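One structure is given below, encoded as structure tokens.
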Amino acid sequence: MKQNDYPLLLTVKEISEILGCSERVAYEVMEEKGFPLIRIRRYKRANREDFFEWLDNRKEVI
């Protein structure tokens with residue numbers, strides 16, 4: 001999928017798909033300092049544009 005094919009708010013499932021990791025690892029990544037996390041009550045989301053910008057700026061491999 002292309003970046004713009006994803007919804008504006010990414011779920012952990014979509015983030016794990018993009019990163020190629022398990023959902024458990026995606027939850028851990030979402031808790032890292034600097035991750036563009038959006039909390040909506042108990043739900044965790046990431047803005048699509050902010051997430052891909054964050055990903056582009058990563059220097060280390062997950």
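None of the values given here were measured: they were computed from a predicted structure. Numbers for residues simply follow the sequence, beginning at 1.
The salt bridge (charged side-chain N to carboxylate O under 4.0 Å, His left out) pairs that include a residue from residues 43-56 are Glu31-Lys44, where partners are two or more places apart or lie in different chains.
Every residue meeting the side chain to side chain donor-acceptor pair (under 3.5 Å) condition with Thr11, not counting sequence neighbours, appears here in chain and number order: Glu14. Evaluation of the side-chain contact (heavy atoms from CB on, under 4.5 Å) rule for Glu28 yields Arg24 as partners, not counting sequence neighbours. Checked against side-chain contact (heavy atoms from CB on, under 4.5 Å), Ala26 has the following partners two or more places apart in sequence or in another chain: Val12, Ile15, Ser16, Cys21. Arg41 meets the salt bridge (Lys or Arg N to Asp or Glu O under 4.0 Å) test with no other residue; sequence neighbours excluded. Here Glu23 pairs with nothing under the salt bridge (Lys or Arg N to Asp or Glu O under 4.0 Å) rule; sequence neighbours left out.
In this structure, Leu19 and Phe51 have side chains that are in contact, with non-hydrogen atoms separated by less than 4.5 Å. Between Ile18 and Leu10 the shortest side-chain heavy-atom distance falls below 4.5 Å.
Under the 4.5 Å side-chain heavy-atom criterion for ILVMFWY residues, no single connected hydrophobic cluster contains both Ile38 and Leu55.
To the nearest 0.5 Å, atoms OH (Tyr6) and CZ (Phe52) are separated by 6.0 Å.
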Audit row: Val29, Trp54, side chain to side chain contact (heavy atoms under 4.5 Å, CB included) steps and yes/no: CA-CA 11 Å; Val29 169; Trp54 172 85; 3.5 Å; yes

